[in-house]
Amino acid sequence: MSENVVHLHKPTDPPAPGTGPTVLTVVPDAPPARPVPLWVRSGRAVKTAVTHETTRATARAVARHASYTFNGGRIVARRTWDGKTGSRYERMIRAAEAAGNLEAAEEWEERLTRFRAARHHRRMDLLHSPVEAAKGVAVGTGMGIGGLVALGVVMAIATKDVTAVVTPLMATIEFINLMITIVHVVWGPLISLGPFFALLALWAVGSKQHAAPQWALPAKVRNSEGEPITPSIVVKALRDLGVPALRNAIKEMGDAGASMLSPIVIAGCGVEVDVTLPSGVSTNEIQQRRRKLAENLARHEHEVFITIPTAARTVRLWVAESGALDEPIGPSPLVTDETMTADYTKGRAPWGQDLRGDAATISLYQRHLLITGLSNQGKTAALRALALWLALDRSVEFWMGDLKGAGDWAMFDGLATKLIQGPTDDHVIQVTEMAEDAVDEMNRRLQAPPGTMFPLLVVTVDEAQVAFMCPAVDEDKRPYGGSKAKSRYFTAVRKIHNQGRAVNVLMWQGTQDPTDQNLPKLVREGAHTRASLALGTESQARMALGDKAVDGGAAPNLLRPGLDKGTLVVASDGIAIPAGQASITVRTHYISTEDATTVADRAKALRDGVTTLHAIERGEDRDPLADIAAVVGDASRVLTQDVLKRLAALNADAYGKWSFIDLKRVLDGTGAEPYKSDGRMVIGRDRLARALANRDNKGSASTSG
């Protein structure tokens, strides 16, 4: 029963002095708090102790040092057993047989035979050693005592003291007694400390080999990022990959698991090694575990590339130095070499470097091109770099459509015959009509006499997904975009893909985030050179590069968006790809807009001047003489063939089928007729200007009359 407590309170409004009594209030005590059970407090204490960092560190240290001692004993026992028996040779034989190297197996078997013969001789010698040792001791003791007595006789003669005869013998006995005394004193502590020193030696062996669970090792040991790649590290990474057949095969091989490996060679900013897999392990089982393999090698996933060479049951690993892929590769030769020129038929464009650090150059001869990837990964820069190199061949003509319209291709103004820039449906319509004009030019070339040679015409469309997804339709209800047979842009691209390369009309496209809607299957499979920057999924990688390349190890979906800008996975016969591989990874040179403008200016200097059209004009009445003067531009004279080509680019409907006869017909009688210069027919700018001036003067005179 709880006691009551008396509390003294003052009234709220105290009465006058001497009139009001003091108020006494009796308040019972509150019930006491319930005590916390002991087991609850103990559990909380244990939980706190377990989760405390100091406790965890202590537990790791205890487990680590205990493992060092235990596993050190295992290592010493294994080494002793290997030294006393032929188990090492037997493991080597099994490894050689597993690798199919019968010559190595025979060599190890011969070594095992020699080892066993030598061991037999040693054992036979041990059978006779006790008798020989006893004889040796007896002879040695007799000779020793005799020698001491002889020494004593010499001393006695010298000192003339007979007792000196036994002095050397007594000194020897006293020395032996001293040794026995020392051993007697030291033996006890040695017996006590011997096990401790033995455990310390085992701990030292285990510590040197880091023979402890990974979680118990110190942080600096666990973080082995960037350590050199050695055969033992590669074998251990493969063993811990989670493939039972591979793990068991390596276990059977023992320390000789490295026999699966080819020599590890330096390859650019990393190393390369071929791994011959044991029977029962397929190459795709390794490819599917790329991240785990990279982590086992103390690398990030993007720093390990797995490809399939020609050898059966073999994977090729390329492992980068830690952080090396984040370093820039240097400027493009287009920027550093101002004397560089291009040759479309025989030359190769400098594009970047492969993972081995070798220059990656690509042939563009008669190859349609497709580059794809996520937005802002360097697609335009990679495509533009190839166009800039090709522009240094003055015979190449460009028709360009930039459906982003941000000025990335503005430096081709005055270099490209047609340049359409903008993201709207009107721009898509003009790009579509440009592609249809290219089809007409292709058909004209196909109908030319056999053996006729044509200069290269490159039709480039950047951000092509805008064209494929355009909803606009023409007056005949035919859509400009889409992937159906009646789609105008799709149809034009397919026609160029089908027959364009035969007459040097090529289609280059750059597109984002490929899907069946913005990059139809027939269009992407029509490109001879397919390249991809970082993508989101494997299905997109298959759309970009094809199943063969992805099945062979191509993985643009594993590139890091934003971090691997400009890194391309390329599938093409125009670039040097290691034998047996279906693709190659290229780190492209970055050419800034300013540098691209400089290169484009060099390309313009190689030409006589190009009039760039920024819109496709159709259905208008033309003034042929004025149009000829416009396409000649500021050049003093232009080849008649180039004039015809520029007229066709200006208006395909009006001039697409013109020949030299049509051109001569218009100019006859004007004073601007074609004439020969250096053995070739040309048209002069000044003559055209006089012809136009005379015509205008005559027109004015007739009007005034």
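- Taking Glu301 as the reference, Arg291 meet the salt bridge (charged side-chain N to carboxylate O under 4.0 Å, His left out) condition, with sequence neighbours excluded.
- Shown here are the salt bridge (charged side-chain N to carboxylate O under 4.0 Å, His left out) partners of Arg444, two or more places apart in sequence or in another chain: Glu441.
- Residue pairs satisfying the side chain to side chain donor-acceptor pair (under 3.5 Å) criterion with at least one member in residues 381-402, sequence neighbours excluded, are listed as follows: Asp393-Ser395, Glu397-Trp399, Glu397-Thr417.
- Applying the side chain to side chain donor-acceptor pair (under 3.5 Å) test to residues at least two apart or on different chains, the pairs with a partner in residues 561-571 are Arg560-Asp564.
- Judged as a ring-ring contact (aromatic ring centres under 6.0 Å, His included), the pairs with a partner in residues 515-545 (not counting sequence neighbours) are, in order, His368-His528.
- Sorted by first and then second residue, the pairs that involve residues 464-483 and meet salt bridge (Lys or Arg N to Asp or Glu O under 4.0 Å), not counting sequence neighbours, are Asp474-Arg488.
- In Leu446, the CG atom is crowded: over 12 heavy atoms of neighbouring residues, nucleotides or ligands sit closer than 6.0 Å.
- Here Ser282 pairs with Asn284, Glu285 under the side-chain contact (heavy atoms from CB on, under 4.5 Å) rule; sequence neighbours left out.
- Arg542 is linked by a salt bridge (charged side-chain N to carboxylate O under 4.0 Å, His left out) to Glu538, Asp547, Asp551, counting only residues two or more places apart in sequence or in another chain.
- The stretch residues 446-475 participates, sequence neighbours left out, in these ring-ring contact (aromatic ring centres under 6.0 Å, His included) pairs: Phe468-Tyr489.
- Residues that satisfy the side-chain hydrogen bond (donor to acceptor under 3.5 Å, both in side chains) test with Lys521, not counting sequence neighbours, are Glu525.
- Listed by first and then second residue, the ring-ring contact (aromatic ring centres under 6.0 Å, His included) pairs involving residues 587-613 amount to none (not counting sequence neighbours).
- Listed by first then second residue, pairs satisfying salt bridge (Lys or Arg N to Asp or Glu O under 4.0 Å) with a partner in residues 362-377 read Arg367-Asp573, not counting sequence neighbours.
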